[in-house]
Amino acid sequence: MAIFGNDNANLLRQVLDQLRQISTDLAALKQQAADQQLGIDQIRQGTTAALTTGLTENRTVIRDGLDRARDTIGDPLTRISTELVAIRSGISGLDSQLKARPEQAPPAAAQAAPPPPPPLPESVHQTDDERVVGFTEPTDNDSHLPGDAILTAAAGVAHATLEAHRDTWAFLVQVAGNAEHFHIPGAVKDDDGFVQVRLSGPSLVAAITSLAHTTRGTNSPVTRAIADHIQGKITNAVQAIIDRPHSGDPGAAVRITIDDRAQADEGDGE
């Protein structure tokens, strides 16, 4: 019997047909897998794009919300902080006065009243150079205090804008917050730590005198430097009014800026 008879030839053709069918089915499966992979890639890309867009939008919304919250809460917080500094300064001043006050004398019944001093003869007069023990020289004679022309010009200012760092403003409030004519403004514009405050003329006078007294009375070189520098900025602005007086509009508003910087190099602007 021949190896490749009719029966074997038919069997071989059937096997080949089955192999071709298997190859066709395998190619179809590969195409389906490729189509599914393409769909998966498209879904992944779409999801990634949607997530990126959503995160960007959410980030923008969150940033806008934080900006609005800072604008809404920032000014009240700055004002509260300023008032707290003034309150703390007042408490510190009262504490210092209480500590400096001598102990209360015993009741009159417990000690004998000292005899009154004899009257001085009419020919005996106290000279201007004599000082009573415990007497404090009037602060108007403070050598650090500018002249009356500066104080008078400062008193005539309707309003002045002070621009400085928040810490500098807090220092000024701590020094002058308890002064008789210093008024803490209700609104303080705070831009990332740089504040703008509108002060009246009486507040400028109180600030100048309080800073001068602090410069004279402190033993701290740091406090003296800060107080003297702020006072110099204010008096320079007031001196400009004296040098170039003007009343009403149009005129340059009084602006006191405490923001010293070095001059930029020529290459920085290129």
Side-chain angles (χ1 to χ4, degrees), residues 22-92 159-177 182-200 203 207 222-223 225-227 229-230 233-234 237 252-270:
I22 292 173
S23 297
T24 302
D25 295 340
L26 183 59
L29 290 175
K30 288 182 178 180
Q31 184 62 42
Q32 292 178 0
D35 294 340
Q36 291 177 354
Q37 185 63 41
L38 178 60
I40 292 173
D41 293 340
Q42 291 176 346
I43 293 173
R44 183 184 296 112
Q45 293 176 358
T47 303
T48 302
L51 289 175
T52 303
T53 303
L55 290 176
T56 302
E57 292 176 352
N58 289 337
R59 191 180 297 113
T60 302
V61 172
I62 293 173
R63 186 184 299 112
D64 293 341
L66 290 176
D67 291 340
R68 287 194 299 271
R70 183 176 57 187
D71 294 339
T72 303
I73 302 176
D75 289 345
L77 287 179
T78 302
R79 184 165 59 254
I80 292 172
S81 176
T82 300
E83 294 174 354
L84 288 177
V85 171
I87 293 172
R88 184 167 60 248
S89 176
I91 294 175
S92 177
H159 69 268
T161 300
L162 173 67
E163 299 176 333
H165 191 275
R166 185 191 299 120
D167 295 345
T168 305
W169 167 241
F171 177 88
L172 179 58
V173 172
Q174 185 174 5
V175 169
F182 189 86
H183 303 281
I184 299 176
V188 178
K189 183 179 180 182
D190 190 338
D191 184 10
D192 196 20
F194 192 78
V195 299
Q196 290 184 348
V197 188
R198 298 185 71 177
L199 298 175
S200 65
S203 292
V222 177
T223 301
I226 299 173
H229 189 73
I230 299 175
K233 291 289 186 179
I234 298 175
V254 180
R255 186 174 298 275
I256 305 165
T257 302
I258 305 176
D259 186 17
D260 297 348
R261 306 185 186 189
Q263 184 176 2
D265 296 333
E266 295 181 357
D268 291 347
E270 298 179 354

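Of the options Ile256, Asp259, Val195, Thr257, a side-chain contact (heavy atoms from CB on, under 4.5 Å) to Glu163 is made by Thr257 and by none of the others.
His159 meets the side chain to side chain donor-acceptor pair (under 3.5 Å) test with Arg198; sequence neighbours excluded. When the side chain to side chain donor-acceptor pair (under 3.5 Å) test is applied to Thr161, no partner is found at least two apart in sequence or on another chain. A search for side chain to side chain donor-acceptor pair (under 3.5 Å) contacts involving Gln37 returns Asp41, not counting sequence neighbours. Every residue two or more places apart in sequence or in another chain was checked for a side chain to side chain contact (heavy atoms under 4.5 Å, CB included) with Val61, and none qualifies. Looking at residues two or more places apart in sequence or on another chain, you find a side chain to side chain contact (heavy atoms under 4.5 Å, CB included) between Thr223 and Phe171, Thr214, Thr218, Ser220. With sequence neighbours excluded, no residue forms a side chain to side chain donor-acceptor pair (under 3.5 Å) with Thr168. Under the side chain to side chain contact (heavy atoms under 4.5 Å, CB included) criterion, Ala207 pairs with Leu172, Phe182, Ile234, not counting sequence neighbours. Checked against salt bridge (charged side-chain N to carboxylate O under 4.0 Å, His left out), Asp260 has the following partners two or more places apart in sequence or in another chain: Lys233. Applying the side chain to side chain contact (heavy atoms under 4.5 Å, CB included) rule to Asp35 yields the partners Gln31; only residues at least two apart in sequence or on another chain are considered.
A heavy-atom distance below 4.5 Å is found between the side chains of Asp190 and Arg166. Annotation: side chain of Ile258 is in contact with side chain of Leu162 (closest heavy-atom distance under 4.5 Å).
The CD atom of Gln32 sits 9.5 Å away from atom CG of Asp25, with the distance rounded to the nearest 0.5 Å.
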Could you go through residues 48-55 and list every donor-acceptor pair under 3.5 Å that involves a side-chain atom there, pairing it with any protein atom two or more places apart or in another chain?
{"from": "Thr48", "atom 1": "OG1", "to": "Arg44", "atom 2": "O", "distance (Å)": "2.8"}
{"from": "Thr52", "atom 1": "OG1", "to": "Thr48", "atom 2": "O", "distance (Å)": "2.8"}
{"from": "Thr53", "atom 1": "OG1", "to": "Ala49", "atom 2": "O", "distance (Å)": "2.8"}

